[in-house]
Each structure stands twice: as structure tokens, then as C-alpha cells.
4 protein chains.
Amino acid sequence: MGTMRDAKTPDPARRNERSREAILNAAVELVGEVGYARLTVEAIAARAGVGKQTIYRWWSSKGAVVLDAFIAWSGAGGDTSLPDTGDIEKDLRAVLRATVAELREPRFDLPSRALTAESQMDPELAKQFVDAVLRPHLEATKERLRGAQKAGQVAKGIDLDVAVELLFGPLYHRWLLRTAPLTEAYADTVVDYALRALGPSEPAGARTPNAPGKRAPKGARKGGAA
Amino acid sequence: MGTMRDAKTPDPARRNERSREAILNAAVELVGEVGYARLTVEAIAARAGVGKQTIYRWWSSKGAVVLDAFIAWSGAGGDTSLPDTGDIEKDLRAVLRATVAELREPRFDLPSRALTAESQMDPELAKQFVDAVLRPHLEATKERLRGAQKAGQVAKGIDLDVAVELLFGPLYHRWLLRTAPLTEAYADTVVDYALRALGPSEPAGARTPNAPGKRAPKGARKGGAA
Amino acid sequence: MGTMRDAKTPDPARRNERSREAILNAAVELVGEVGYARLTVEAIAARAGVGKQTIYRWWSSKGAVVLDAFIAWSGAGGDTSLPDTGDIEKDLRAVLRATVAELREPRFDLPSRALTAESQMDPELAKQFVDAVLRPHLEATKERLRGAQKAGQVAKGIDLDVAVELLFGPLYHRWLLRTAPLTEAYADTVVDYALRALGPSEPAGARTPNAPGKRAPKGARKGGAA
Amino acid sequence: MGTMRDAKTPDPARRNERSREAILNAAVELVGEVGYARLTVEAIAARAGVGKQTIYRWWSSKGAVVLDAFIAWSGAGGDTSLPDTGDIEKDLRAVLRATVAELREPRFDLPSRALTAESQMDPELAKQFVDAVLRPHLEATKERLRGAQKAGQVAKGIDLDVAVELLFGPLYHRWLLRTAPLTEAYADTVVDYALRALGPSEPAGARTPNAPGKRAPKGARKGGAA
DNA sequence: TGGTAAACGAGACGGTACGTCGAGTCTTCTT
DNA sequence: AAGAAGACTCGACGTACCGTCTCGTTTACCA
């Protein structure tokens with residue numbers, strides 16, 4: 001009766017913060033050392049100097065620990081909003097370049113791949129992963145695009161969810177499948193192409209592909225899609 | 001010296017074709033029944049009426065078996081070239097719609113996800129998976145785009161690798177991350193947006209988004225990005 | 001330094017007594033059912049309702065389990081000392097007859113043979129087997145012989161270790177090699193012959209072999225060495 | 001009908017003698033190198049440059065191969081009869097000392113132990129082993145004892161089978177159980193004690209144990225039963 | 001401020017699957 | 001027809017981790 005909790009649910013108030021941190025640190029370290037597949041709960045517990053039960057008490061699976069560890073380590077939850085310089089192309093380039101930079105960083109790349117992979121087999125983890133890690137970035141980009149739409153830099157009828165996917169989809173595809181290297185120039189090219197699709201109609205002659213101009217800087221043209 | 005093989009390598013000529021087929025069939029069935037994560041080599045062997053060693057003799061891992069099974073089952077190796085009706089939009093819609101249809105088919109969806117996931121942890125498997133399953137489709141699309149480029153339907157300077165990613169990247173992103181449902185209308189929208197990016201410049205007034213016309217049929221407009 | 005144990009050694013205090021007993025019982029049962037050669041650790045674990053690891057944690061081999069099971073079952077560790085009626089021949093007959101009786105009992109015979117055989121291949125097991133099972137009996141017999149020596153029933157200079165072997169060696173030989181059946185009469189004969197070797201010198205005419213008397217009762221004379 | 005052999009029985013006439021020898025040699029070598037327990041049919045076949053089937057065609061088990069190999073190697077089948085110098089003690093000492101020497105020779109000790117052990121689990125092998133290897137020696141000894149009996153060196157009523165066991169049993173016991181080292185002095189002691197049991201009665205005073213004389217030489221007295 | 005209940009470290013437990021080994025059988029090709 | 005070679009099915013091996021379950025031992029609240 002009353003506020004009696006389920007007997008099995010642990011009391012977060014009594015949780016040992018020290019253990020929590022040790023577990024998360026151990027998880028991050030071990031993913032880096034042996035990869036996700038060879039990572040074991042037992043090894044995390046041993047490295048953290050913690051009983052296995054303490055892990056199972058607070059997390060439901062190896063994936064959940066790694067997700068938390070990744071979130072804690074990557075400082076997720078901070079401000080994900082894009083800069084708004086008034087120039088949508090410039091701002092998108094900044095965000096796609098930053099994304100490429102992250103994906104090239106092993107500390108980021110490895111757990112991200114692992115979590116993406118694990119998400120294919122664990123819908124609950126997938127939801128948490130997308131909501132905690134990816135959605136904020138996608139939403140921030142969408143928000144910036146909405147601003148551009150109001151400013152007339154993006155056509156009115158555009159579906160902004162698809163617009164976001166037009167930007168991140170190609171990166172994601174190339175990253176996961178390793179079909180070609182991820183470079184900043186590639187990020188620029190994707191922004192360039194995407195904005196052609198999203199932008200409003202233009203005066204005749206203004207949209208000649210490859211015409212010199214800020215939309216198609218040399219770097220993007222040349223090495224863009226190596 | 002000469003053609004001497006490693007003493008440990010089994011001789012493919014003496015391979016039992018019956019066992020090979022039974023293993024592949026068992027693998028396909030079991031992935032469908034219990035999913036990839038709960039799939040075990042032991043279960044495959046049991047179902048196939050085969051010794052475990054026979055699996056380990058010819059495949060290096062569970063993933064390798066599933067890949068082979070998937071290739072055999074999906075009839076990969078067939079003709080992957082796109083139709084060429086002369087209308088690039090129509091042809092791309094056909095291929096993206098077909099892709100969406102496949103991804104919605106559990107028999108295709110499940111092993112594809114599993115192999116994509118497993119590829120993140122096994123570079124060798126990744127290579128084989130991409131080369132055997134994905135590359136042919138991407139290359140075929142690229143080839144069709146090259147034709148369109150010659151026909152003036154796609155701008156001259158476009159990087160066709162990026163173009164292909166502009167088409168498949170969004171689908172792939174949505175499929176793997178399950179951020180929104182994959183529909184035919186979505187496929188149409190992606191084709192529509194992508195072609196705006198890839199197409200040659202047009203006379204003023206001709207490129208108003210959402211203007212009625214084959215590029216933006218009602219279906220695509222409405223449900224495109226649910 | 002000090003009492004620190006090897007990190008890998010399990011803590012006997014935390015051992016599950018129930019599991020230990022179940023394993024030992026299963027081992028005894030199974031040796032009886034399928035014999036030692038066809039006995040498997042897996043079967044013991046299954047029969048005992050126990051994980052294989054629990055067996056490997058506490059025993060080093062199949063042989064070690066069977067030895068423990070045999071010791072537990074045969075109630076080894078009890079009092080092995082011989083009766084001392086003052087008549088050495090009577091006492092030795094009792095013990096050799098009892099030995100023959102045991103060796104004819106399948107529950108005793110089978111594991112004994114198995115452990116003897118296994119001991120030939122595993123010196124550590126051999127040591128434990130001899131110390132735990134055989135030595136007590138040999139020592140007890142030796143002790144009784146020492147008493148007889150003091151009482152003048154056994155000659156002074158006799159090496160009692162050899163004396164013991166003179167008694168048990170023939171039984172053991174016949175038992176292991178199955179060259180002839182093991183009978184009580186045989187046991188009596190062996191005692192008779194051995195005591196002739198061990199006894200003090202006697203008055204002339206007193207030691208005619210086959211002379212009627214307690215040393216050579218009819219039974220022993222006739223079927224003794226069939 | 002008629003003389004048609006069972007289809008499965010191979011024709012000894014067509015047997016490849018070269019292979020037979022190679023197998024036997026390989027078996028002897030390998031028992032010496034890795035011991036019987038770790039000896040495998042596969043290894044024998046590989047070492048002999050022979051197909052496994054060729055082994056299974058002609059022998060029923062690993063033990064059977066080793067038995068044949070041992071017989072061939074030890075030159076069994078030769079003359080096993082004892083010398084007859086007229087002095088039974090001298091002759092028995094020679095044979096027991098020779099036995100001790102053999103048992104101390106690893107080439108003899110290892111396969112003998114293995115075959116004895118294996119015999120506990122394989123009655124068919126046991127029979128062959130005893131008949132081919134042991135029986136001849138035991139019979140030869142028995143024969144010599146029969147001679148001694150006729151010569152009055154052994155009492156009339158003695159059961160010669162038991163007599164033989166009185167001689168070899170102690171050696172066998174000590175050898176298999178490794179309760180004490182096997183030495184020549186020990187062999188002498190056993191002969192000494194056994195002959196006291198077997199010999200005819202003697203004039204009073206003649207049989208004082210430890211009395212100086214050929215029956216109890218210093219060596220035997222001292223180290224006999226270390 | 002001492003009692004008590006929770007979380008904790010440790011690690012044994014019943015299990016499942018691993019990847020390997022060898023047994024004995026079954027081709028297939030060679031001598 | 002027997003043999004060399006070796007792939008096959010089968011069963012067990014001993015190991016690694018899983019997730020659960022005791023064990024004492026802190027630790028933090030509250031009586």
C-alpha cells in the first residue's frame with residue numbers, strides 16, 4: 001500500500017556514485033582496447049573493481065552500459081544547436097565538417113559503430129541511442145533549416161525531415177559501409193548538392209553547376225567524392 | 001614449390017555439396033526464426049544434420065555463413081542493372097521503390113541488418129558484404145546516372161559516387177535508425193529532391209518547388225516524409 | 001607473503017555442499033552404469049544437475065572425481081586396523097578374505113580397476129589413490145604383522161613391507177590379470193604360503209607341507225589355486 | 001553359400017607389409033614420445049604415412065595396435081624358458097632380476113603399464129595381452145618350479161600357479177602402485193621369501209631367518225625392501 | 001549514536017555456446 | 001582390391017561469459 005516500491009527496484013538515492021563512474025570509465029577504456037564484440041560485463045566489473053551484480057542492478061545489458069559510457073564521455077546533453085550566421089550553407093558546412101571530424105576520431109567512431117550495430121538487434125537500446133545521441137543533432141539541424149526556410153534560403157514546400165536525411169544520409173552511408181573515405185571536402189560536396197535540392201528557384205543562368213562561386217569551392221569540386 | 005597449398009586448407013574439390021546447401025538453408029531458416037543474435041553455429045549444424053566442424057572447415061564465422069546464405073537465397077549475382085526508359089526520374093523511382101520494398105520484407109530486412117551490424121565488427125566480412133550485395137546495386141545506379149548525364153538529364157560536373165549516396169543515403173539512414181517509416185512515397189520524395197540537386201540548370205520559373213508536374217506528384221508531396 | 005592464496009584458486013568455504021554430493025553420487029552411479037571408459041564429465045554434470053564448470057572448478061580430471069566418489073562411497077577414512085585375536089593366521093585370513101570379497105563386488109571392482117588403470121597415466125592421481133585407498137590397508141596389515149613379530153609368530157629379520165606385498169601381491173596379480181578366479185580358498189592358500197615364508201624356524205617335522213592342521217585346511221588345499 | 005567370406009573381412013593375403021611395419025613402428029615411437037593416453041590413431045597414421053582406414057582395417061582399437069607393436073618390438077614369441085642350473089634359487093633370481101630390469105626400462109615400462117591399464121577396460125585386449133606377453137613367462141617359471149619340485153627343492157603339495165604368483169605378485173604390486181622402488185635386491189628378497197614358503201621342511205635349526213648363507217646375501221637383506 | 005537495511009565486492013552457481021580434437025565411417029582417386 | 005588422403009558425422013573436451021544467487025562487508029539513514 002501507499003508508496004511501496006517494487007521490491008526488485010533499487011533505490012537510486014543509495015547508489016554509489018564512485019562505482020557508477022568506475023564502471024563507465026572501464027567500459028570506455030575496454031571498448032577502445034578490445035572492441036565492442038570482445039567486451040564482456042565480467043571484464044568491465046573486474047576493471048572497475050566492482051561486483052557484476054552492481055552492473056546488472058543498474059543497467060540491462062552490455063549495450064546499455066556502453067551507451068551510458070558513450071553519452072557521459074562524449075558530453076552529450078550539452079547544447080547541440082547550430083550556429084546561425086545567416087548563411088545556411090556556411091552553417092551546414094560547419095556541422096557536416098564537425099560530424100566528419102568526429103567520425104574520424106576513433107574514440108567516437110568505435111563506440112558509435114558498436115552502438116549502431118547493437119541497435120539493430122536491440123530495439124530498446126536503439127531508441128535510447130537515437131534519442132540521446134542522434135536526435136538532438138538531427139533536430140538542431142532541422143531547426144536551423146526551418147530558419148533558413150523562413151529566410152527564403154530553403155524552398156517553402158520542403159519536407160525538413162527528408163532535408164536532414166539528405167544531408168546526413170550520405171555521410172552515414174559512406175561511414176558505415178566504408179565505401180570511400182570521409183573527408184571535409186566530401187562534407188562540403190554533400191552540403192552543396194543538398195542545398196541545390198533544397199534551395200528556392202533561381203534566376204536563369206544562376207545555377208550552372210560547377211560555375212565558380214561560394215557554393216562550389218575548389219576543394220569541394222576536386223576531392224569531394226574521392 | 002609451385003601450387004602447393006597450405007597443408008591446413010581443405011580441398012574444395014572434395015567438398016560435400018549436399019552439406020553446403022543444408023547449412024545455407026538452415027542458416028536462412030534460423031535467422032528468420034530466432035534472429036541473428038540468438039543464432040548459433042551449433043543450431044545451424046544441428047538443423048542441417050551436419051557436424052560443427054564442417055561449418056568451421058568452410059566458414060570463418062557465423063557472419064560468413066549468414067552472408068553466404070543470404071547471397072545464395074537472395075539470388076545475388078543476377079542482373080542488377082537498372083531499366084533505361086530514357087526517363088531518369090522514372091528509372092530511379094523504380095529502383096528506390098524496389099529497394100524500399102525489399103527493406104520492408106522481413107526475409108530481407110533481418111539478414112541485411114544483421115550483416116550490416118556484424119560488418120561493423122568484422123572488416124573482412126564487411127568487405128565481402130559490400131562487394132557481393134551492395135556494390136552491384138550502387139554501381140548499376142551509377143551507370144544509369146552516367147547515361148542520364150550523357151543525355152543531359154544530369155549536370156556534367158556531378159560526382160556520380162556522391163549522387164548515388166544522395167539517393168541511397170537517406171533510405172539507409174531511415175532504415176537503420178528507424179527514425180521514420182520507409183514508404184514508396186518517401187522513395188519518390190528522395191528521388192525528387194536528389195534530381196533537383198543533380199539536374200542541369202533550368203529556365204527561370206521552371207523550378208518552383210511543389211509546382212504541379214511529374215517531379216512532384218501528389219503522393220510524394222503528401223506522405224513523402226511522414 | 002603469508003597465507004595469500006593463488007588468485008585463481010577457488011575458496012573452499014564458499015563451496016556448495018549439495019552440488020559436491022550430487023556430483024559424487026552421479027559419478028558413482030554412472031561408473032556402474034556405463035563403465036569408466038564411457039564415463040564423461042558432461043554426463044556427470046547432467047546427472048548431477050550441475051554446470052560442467054562446477055566440476056572443473058573442484059576437480060582436475062574425470063579420474064579425480066571418480067576417486068573422490070569412490071572414497072566417499074566406500075567409506076574410506078574409517079577404521080582400517082585389523083582385528084588382533086592373537087592368532088596371526090586367523091587375522092590375515094580374515095583380511096585377505098575380506099579383500100577378495102570386495103574385489104568380487106562389482107561396485108568395488110569396477111572403480112578400483114578404473115582407478116588403478118588411470119593411475120598408470122596420471123601420477124598425481126596415482127599418489128592420491130594409493131594414499132587414500134590402499135595405503136591404509138597395507139599399513140594396517142603391516143602393523144598387525146609387527147605385533148606378530150613381537151609375539152614371535154613372525155621371524156625377527158623379516159622386512160614387513162615385503163611381507164605385506166607377499167600377501168597382497170598375489171591377489172592383486174590374479175585380480176588385475178584375471179589369470180584365475182579369486183576365491184576365499186585362494187586367499188587362505190596365499191596366507192598359508194606367506195606365513196611359511198614369514199614364520200620363525202620350527203621344530204623338525206612340524207613344517208611338512210600339506211600336513212593336516214589349521215594352516216592348511218581342506219578348502220585351501222583343494223581349490224586354493226584353481 | 002560355400003566359402004564366401006564376409007564382405008567386410010579384408011584379405012590378409014593382399015595386405016601391405018610395408019604399411020604394417022610403418023604403423024607398428026610409428027606406434028612404438030609415439031607411445032615413447034607422448035605416452036599412451038595422448039596417443040591417437042590419427043597421429044599413428046600420419047607418422048606412418050598411412051590412411052586411417054588402413055589401421056582400422058587391420059586392428060580393432062588403439063590398444064590392439066600398441067599390443068602388436070609391443071609384441072613386435074619386444075621380440076615376444078621367442079624362447080621364454082628359464083635356465084636350469086639345477087639351483088632353483090639361482091634360476092629364479094635370474095628371472096626376477098631380469099624382470100625388474102625390464103620394468104625399469106622406459107621402453108618396456110611405458111607400454112606395459114599402458115597395456116595393463118587398457119586391459120582393465122577391454123577384456124578382449126586383456127586376453128591377448130596376457131596370452132601373448134605374460135603367460136609365456138609365467139608358464140616358463142611354472143615349468144622350472146615343476147622341475148624343482150621333482151628335484152625336491154620345492155615341496156610336493158605346492159600349487160605351482162600360486163607359487164608363480166608368490167614370485168611375480170609382489171613385483172607387480174610394487175611396480176604398478178609405485179609404493180617403493182624396484183631393485184635387484186628387492187627381487188632377491190622376494191625369491192628368498194618365496195622359497196621359504198615353497199621349500200620342503202628342513203632339519204631343525206637350519207631355517208633361522210637371516211642366518212648367513214646364499215639365501216640371504218647382504219644385498220638382499222639390506223636394501224631389499226627400501 | 002547505534003541498529004538495520006540497502007547496496008556493495010566477491011565469486012560460486014546452473015547454463016549455453018564456443019571452437020577444437022579425435023573417433024570411426026565414407027568417398028574418391030591412385031597404385 | 002587395398003591403400004593414401006582426407007572430408008564427413010558425432011560426441012566430448014575444457015573454456016568463456018552469461019545472468020542469478022549467496023555470502024560477508026561497508027555505508028547511510030533513522031530511531
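In the text below, chain A, chain B and the rest are named by the order of the sequence lines, each starting its count at 1.
Every residue two or more places apart in sequence or in another chain that forms a side chain to side chain donor-acceptor pair (under 3.5 Å) with D/Arg20 is listed here: D/Glu17. Considering only residues two or more places apart in sequence or on other chains, C/Glu33 meets the salt bridge (charged side-chain N to carboxylate O under 4.0 Å, His left out) condition with C/Arg47.
Within a 6.0 Å radius of CZ in B/Arg15, other residues, nucleotides and ligands contribute more than 12 heavy atoms.
In this structure, the side chains of D/Trp73 and D/Pro111 stay at 4.5 Å or more apart for every pair of heavy atoms. Side-chain contact between D/Thr40 and D/Leu30 is absent, with no heavy-atom pair separated by less than 4.5 Å. Taking 4.5 Å as the limit, every side-chain heavy atom of B/Gln120 sits out of range of all side-chain heavy atoms of A/Thr116.
E/dT28 atom P lies 12 Å from atom CZ of B/Arg18, rounded to whole Å. The nearest whole Å value for the distance from the CG atom in C/Asp11 to the P atom in E/dC13 is 10 Å. Going from atom CZ of D/Arg38 over to atom P of F/dC13 covers 16 Å, rounded to whole Å. Rounding to whole angstrom units, CD1 of residue D/Ile55 and P of F/dG6 are separated by 15 Å. In this structure, D/Ile44 places its CD1 atom 16 Å from C1' of F/dA4, rounding to the nearest Å. In this entry the distance linking CD of B/Glu17 with C1' of F/dC8 reads 15 Å, nearest Å.
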Spell out protein contact along nucleotides 25-31 of chain F as letters: B when the base is contacted, S when just the sugar-phosphate is, - when no protein heavy atom is under 4.0 Å; keep the 5' to 3' order. ---B---

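The stretch residues 56-67 of chain C participates, sequence neighbours left out, in these side chain to side chain donor-acceptor pair (under 3.5 Å) pairs: C/Trp59-C/Asp68.
Heavy-atom distances under 4.0 Å link DNA chain E to no residue of residues 20-30 of chain A.
Between D/Ser19 and F/dA2, a side-chain N or O to OP1/OP2 separation shorter than 4.0 Å is absent. Not one side-chain nitrogen or oxygen of A/Arg57 sits closer than 4.0 Å to the OP1 or OP2 atom of E/dA7.
Residues B/Leu110 and B/Gly32 come closest through the heavy atom pair CD2-O, 4.5 Å.
Among the atoms of the strands shown, base atoms are found under 4.0 Å from some heavy atom of B/Thr54. Counting any heavy atom pair closer than 4.0 Å across all strands shown, C/Trp58 reaches sugar-phosphate atoms only and no base atom.
Within the model, atoms CG of D/Asp122 and CD of D/Gln128 stand 8.5 Å from one another, a figure rounded to the nearest 0.5 Å. Note that CD of C/Glu21 is 9.0 Å distant from CZ of C/Arg18, once rounded to the nearest 0.5 Å.
The side chain of C/Arg15 sits closest to E/dC13 out of F/dA2, F/dA4, E/dC13.
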Atom pairs under 3.5 Å, N or O on each side, protein against nucleotides 19-21 of chain F: can you list them with distances?
from: F/dG19; atom 1: OP2; to: A/Tyr56; atom 2: OH; distance (Å): 2.6
from: F/dG19; atom 1: N7; to: A/Lys52; atom 2: NZ; distance (Å): 3.2
from: F/dG19; atom 1: O6; to: A/Lys52; atom 2: NZ; distance (Å): 2.6
from: F/dC21; atom 1: N4; to: A/Gln53; atom 2: OE1; distance (Å): 2.6

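Judged by distance alone, with hydrogens and angles left aside, the side-chain atoms of A/Ser119 form a donor-acceptor pair with the main-chain N or O of A/Leu115 at under 3.5 Å.
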